[in-house]
Amino acid sequence: MSRWKGLPEELDPHVRQLVVRLRRVKDHSGLSLRRLAAKTGYSTSSWERYLAGRSLPPREAVEAMARLGGDDATRLLALHEVAAEAWGKGAERQSEPAGDGTAGDGTAGGPDPQSPPPGARTGAKTGAGPGTEPVTDLGTELGTDLRTELGTGAPRPHGRALRVTLIAGSVALVLAVAAAVLLAVRLTDGEGGAAAADLTASAATAPGSPEESEPPRYTCRAERIDGRWYAGNSRTQKAILANGHAGPEVAEAQCLLRDAGLSPGAVDGIFGPHTERAVRALQKRAHLVVDGIIGPHTWKALRE
């Protein structure tokens with residue numbers, strides 16, 4: 001059996017679970033990386049990245065690995081689907097390229113073309129490229145205008161226009177504040193006070209406001225239809241659920257786990273540690289792969 005190197009600490013647990021399973025299938029097949037590359041059509045270096053957790057293997061590569069290792073392709077692809085979702089979320093959170101100069105899929109990484117270069121600061125004066133307008137610092141602009149007023153610099157028409165714009169904006173802001181104060185005085189005078197109070201109360205208790213929003217409540221209503229059990233929250237039989245997922249499908253699984261004599265915790269539609277322990281217990285009882293992930297086989301065991 002191969003002696004594998006440790007996976008990166010920052011690797012998502014779902015991706016880690018997929019890589020560990022792929023390593024196990026490779027060891028079981030007895031194939032070297034070179035023979036594995038020849039039989040699957042993916043290069044040796046690609047398989048090195050996949051099995052080291054540096055890149056997510058494509059679905060076709062996972063399916064080929066399952067076929068060569070004699071493993072359950074459905075369950076392995078279910079693990080890949082969950083890992084792909086976690087990998088995509090991790091890529092969205094990355095705002096800078098990896099420290100070794102490679103992106104998450106093992107390709108060469110580079111600076112984001114939409115992000116400023118290292119050391120650049122907003123508002124700082126930078127050199128203008130062809131077809132671009134140079135950025136001028138606002139403090140420098142106003143300082144130059146002040147020197148112009150004092151007779152120490154050349155006149156700047158653009159600076160005067162900016163000063164006029166700032167003055168006009170300040171006047172407009174003062175007028176808007178005065179109008180708001182006048183309106184408030186009128187609303188609080190006589191019958192307007194009651195109207196303002198009603199308006200404030202309506203705004204405070206408007207339906208859908210954050211103060212009134214509540215988490216969804218789920219109930220368990222066991223019903224057997226066509227030889228399968230349903231709890232009234234979802235009729236799915238193929239949804240892939242894992243720790244961290246939430247929604248009516250999770251609540252359905254929690255109800256069915258409770259009916260099976262297992263304790264998933266509160267039926268709140270949130271896949272947490274208690275629900276994962278209950279799922280593992282069910283999988284062990286049904287002689288399934290104990291991975292804590294609900295897939296088609298686990299749904300079948302839940303609804304039987």
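Because the structure is predicted, anything quoted here is derived from the model rather than measured.
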For [X], give me all partners under side chain to side chain contact (heavy atoms under 4.5 Å, CB included), at least two apart in sequence or on another chain.
X: Ala52; result: Arg54
X: Glu304; result: Lys300
X: Leu77; result: Arg59, Val62, Glu63

Practice problem: Start with the C-alpha gap between Glu252 and Arg303, add the side-chain angles, then the distance that decides, and say whether salt bridge (charged side-chain N to carboxylate O under 4.0 Å, His left out) holds. | Solution: CA-CA 10 Å; Glu252 177 78 4; Arg303 297 197 184 280; 2.9 Å; yes
Self-check item: Pairwise side-chain contact, Lys26 with Trp4, heavy-atom cut-off 4.5 Å (strictly under)
Solution: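 Yes, side chains in contact.
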Practice problem: In sequence, state the C-alpha distance, the side-chain angles, and the governing distance for Leu36 and Met65, and then conclude on side chain to side chain contact (heavy atoms under 4.5 Å, CB included). | Solution: CA-CA 8 Å; Leu36 183 63; Met65 173 70 85; 3.6 Å; yes
Nearest non-hydrogen partners of [X] and [Y], listed with the distance:
X: Ile293; Y: Arg75; answer: O-NH1, 4.1 Å
X: Thr275; Y: Ile270; answer: OG1-O, 3.8 Å
X: Val267; Y: Cys255; answer: CG1-SG, 3.7 Å
X: Val19; Y: Gly53; answer: CG2-CA, 4.1 Å
X: Val25; Y: Gly69; answer: CG1-CA, 3.7 Å

[atom1] of [X] to [atom2] of [Y]: how many Å apart, nearest 0.5 Å?
X: Asp12; Y: Leu7; atom1: CG; atom2: CG; result: 12.0 Å
X: Ser32; Y: Trp47; atom1: OG; atom2: CH2; result: 12.5 Å
X: Leu51; Y: Leu22; atom1: CG; atom2: CG; result: 6.5 Å
X: Asn243; Y: Arg277; atom1: CG; atom2: CZ; result: 10.0 Å

Self-check item: salt bridge (Lys or Arg N to Asp or Glu O under 4.0 Å) partners of Arg21, counting only residues at least two apart
Solution: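 Salt bridge (Lys or Arg N to Asp or Glu O under 4.0 Å) check on Arg21 returns Asp71.
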Quiz prompt | Set of residues satisfying salt bridge (Lys or Arg N to Asp or Glu O under 4.0 Å) with respect to Arg23, sequence neighbours excluded | solution =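 Applying salt bridge (Lys or Arg N to Asp or Glu O under 4.0 Å) to Arg23 gives none.
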Exercise. Hey, can you tell me if His14 and His245 have their rings parallel, tilted or perpendicular (30° and 60° cut-offs)?
Key: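 Taking His245 first and then His14, their aromatic rings sit tilted (interplane angle of 30° to 60°).
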Quiz item: Can any side-chain N or O of Arg258 pair as donor or acceptor with the backbone N or O of Gly265 at less than 3.5 Å?
Solution: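 Checking the backbone N and O of Gly265 against the side chain of Arg258, a donor-acceptor pair under 3.5 Å is found.
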Quiz item: Distance-only, no hydrogens or angles: does the Gln283 side chain make a donor-acceptor pair with backbone N or O of Asp291 under 3.5 Å?
Solution: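 Yes; at least one donor-acceptor contact below 3.5 Å.
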Exercise. Show your working on side chain to side chain contact (heavy atoms under 4.5 Å, CB included) between Leu18 and Leu56 and close with a plain yes or no.
Key: CA-CA 9 Å; Leu18 174 65; Leu56 185 70; 4.0 Å; yes
Practice problem: Share the residues that join Leu282 in a hydrophobic cluster, the rule being Ile, Leu, Val, Met, Phe, Trp or Tyr side chains under 4.5 Å apart at the heavy-atom level. | Solution: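 In the cluster with Leu282 are Trp229, Leu241, Val250, Leu256, Leu257, Leu262, Phe271, Val279, Ile294, Trp299, Leu302.
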Self-check item: Over 12 foreign heavy atoms within 6.0 Å of NE2, His297
Solution: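 Yes - once you tally the heavy atoms of other residues, nucleotides and ligands closer than 6.0 Å, there are more than 12.
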